[in-house]
*Asks:* 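Here it is, the structure in full.
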2 protein chains.
Amino acid sequence: MAATSKPRGRYSVGIATRAKIIDAAVRHFARYGYTRSSLAGLAREVGISEAGVLHHFSSKSELLLEVLRHNEELDRQAMVAAGMPATPLAHVDVISWCVDRNVERPGIVALFVVLSAEAIADDHPAHAWFAQRYDRLTGLLSDSLRAGITAGAIRADIDSLAVARELVAASDGLQIQWLLSGQAFDLPAAYRAAADRILAGITAG
Amino acid sequence: MAATSKPRGRYSVGIATRAKIIDAAVRHFARYGYTRSSLAGLAREVGISEAGVLHHFSSKSELLLEVLRHNEELDRQAMVAAGMPATPLAHVDVISWCVDRNVERPGIVALFVVLSAEAIADDHPAHAWFAQRYDRLTGLLSDSLRAGITAGAIRADIDSLAVARELVAASDGLQIQWLLSGQAFDLPAAYRAAADRILAGITAG
DNA sequence: GTCTATACCGAGATAGAC
DNA sequence: GTCTATCTCGGTATAGAC
C-alpha cells in the first residue's frame, strides 16, 4: 500500500490522480454533457486545481476521449471476466448482458445517452468516435444475425442490418425514457421484452 | 401586405421579427443543443443585436420553451390539416405519419434528439416539458393499444404500456442512428419495418 | 505533480439612448 | 423595437514558481 503513496515534497503522490479525474469526469459528462461540464467543477471534486487537471490531460476534449476509451477498456475486461465472446457485442445476448450491467450504473447510461446526442453535431470532439461505434455495433450484430440464418435458426428473408439497427434503437430509446422518468420502470425487463418481440418475428419455422 | 409592414422610425416593422427569431432558434438549438447555442449567433442570423432578441424573449430559457411550444402548435395544425385525430399521437399510424413528415426536416429531428438527452438533467430548463411529453406520448399510445384489445384486434395478454414504450423507443433510437450516420438510410422505411415487427407480435388470432 | 496568477474570450443580462 | 455600452460571470488554457 505504501508502495504507491509515499508523498514527495508537499504534494500527494498523484499516481491515482489521473484515475480520480477520469472517475469524476464520467460523472460530470454524464450529468451535464460535455459542453456544460467545467474543468473547475471537475477539479473541485477531485480536490486539485484546474491547472492540475490540465497537467494530466492536455485539453478538455482530450479528457473526453480518454474517458470514452477508458470505459471501452473496462467493458472489454468485464466481458472477458463474464465469459462473453471477446468480440464485443457480437451476439444479441450480449446486449442483454450489457443492459443488466448498466442498470446498476445509471451514470454510465446517462454518459452515453447525453454524449451520443451531443455528438450528432459534426464538429463535436467525439463525433467520429460515436459514428464509428454505431457502425461497428450494428455491423457486428448484423453479422451475428446472418450467422443465425446460415445455421437455420433465423429466417433467411430478413434484412439483418435493419434488425440490428432496431435492436440497438430499442436499447437507446428505452434508456432515454428510463432516465427521463427517473428510472421509473424495470429497464432490463423492458429491453428483454422488446428484443424478444423483435426476435420472435424473425425466428425460422 | 403593406398592412403589417409600414416602417416607423429607423427600425423595420418587427412583427415578423419574433417569428424570425423562433425560426433561427430552431436551427441553432437543433445544431448545437441549448447550452452551446448563443444569443449572439442567433441575433447575427436574424440581423439584430443580442439585446434585440432579449426584447422579444426575456431570457434564453424562455426562448427555448417558446420554441418547443411553437413547434407543438405547428404539429397540431399539420395533423388537423392531414385529417389525423385531434388528440396527438393517439394511434400507431400517427407515429408513422410523423416520421414521414420529419424526414423532410432533419433539423427538427435533431432538435428533439439533442434536447431530450440534454433535458435528462433535472435542472435543465426543459426537463419537465420532456418528462411530461414522454408520459403523455406513451400514455396515449397505450390507451390506443388497449382500445385495440377491446376491439379484438390486439392480443389481450400484452402489456400495452410496455409496447407503447417500445414503439416510441424505436423511433428515438433510429433517429439517433440516422443523424449520426449522416442520414445514410431510409428512416421512414426503417421505422415502418420496426413498428410492423412489433405489431406482428401482438395482433390477435 | 501541483500550485497561483493571469491572459483571454465569450456568454447572458441590464440600462438608457434614439 | 432596436440600438450601444457595459456589467458580471464563467469558461479554457498558459506561464512560471515551488
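Values below: every heavy atom of this structure, side chains too, minus hydrogens, waters and symmetry copies. Numbered from 1 within each chain, the chains take letters A, B, ... in sequence-line order.
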*Asks:* With a 4.0 Å cut-off, would you call E66(B) and R69(B) a salt bridge?
*Replies:* yes

*Asks:* Taking atom P of dT12(D) as reference, at what distance in whole Å does atom CG of L63(A) sit?
*Replies:* 10 Å

*Asks:* Between H55(A) (NE2) and dG1(C) (P), how many Å, whole number?
*Replies:*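 Spelled out: NE2 on H55(A) to P on dG1(C) is 5 Å.
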
*Asks:* How many Å lie between NZ on K20(B) and P on dG1(D), as a whole number?
*Replies:*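 From K20(B) NZ to dG1(D) P: 14 Å.
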
*Asks:* With a 4.5 Å limit on heavy-atom distance, are the side chains of R101(B) and D75(B) in contact?
*Replies:*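 They are in side-chain contact.
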
*Asks:* One thing to verify: whether E73(B) and R76(B) come together as a salt bridge, which I'm taking to mean a side-chain N less than 4.0 angstrom from a carboxylate O.
*Replies:* yes

*Asks:* Do any side-chain atoms of residues 167-180 of chain A form donor-acceptor pairs under 3.5 angstrom with protein atoms, and if so which ones, sequence neighbours left out?
*Replies:*
residue : atom : partner : partner atom : Å
D172(A) : OD2  : Y134(A) : OH           : 2.7
Q177(A) : NE2  : R165(B) : O            : 3.1
W178(A) : NE1  : F185(A) : O            : 3.1

*Asks:* Can a side chain N or O of H56(A) be found less than 4.0 Å away from OP1 or OP2 on dT2(C)?
*Replies:*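 Checking dT2(C) against H56(A), a side-chain N or O does come within under 4.0 Å of OP1 or OP2.
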
*Asks:* OP1 or OP2 of dT2(D) sitting under 4.0 Å from any side-chain N/O of S49(B)?
*Replies:*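 No, S49(B) has no side-chain N/O under 4.0 Å of OP1/OP2 on dT2(D).
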
*Asks:* Under 4.0 Å between a Lys/Arg side-chain N and an Asp/Glu carboxylate O for R146(B) and D143(B)?
*Replies:*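 Yes, this pair counts.
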
*Asks:* Would you mind reading off the distance between F57(B) atom CZ and dG1(D) atom C1', rounded to a whole angstrom?
*Replies:* 14 Å

*Asks:* For nucleotides 10-15 of chain C, read 5' to 3', which letter fits each nucleotide if B means a protein heavy atom sits under 4.0 Å from the base, S means only the sugar-phosphate is that close, and - means neither?
*Replies:* -SBBB-

*Asks:* Could you check whether the rings of F29(A) and Y34(A) sit parallel, tilted or perpendicular, using 30° and 60° as the cut-offs?
*Replies:* tilted

*Asks:* Once you round it to whole Å, what is the distance between P of dT12(D) and CG of L64(A)?
*Replies:*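 So the two atoms are 12 Å apart, to the nearest Å.
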
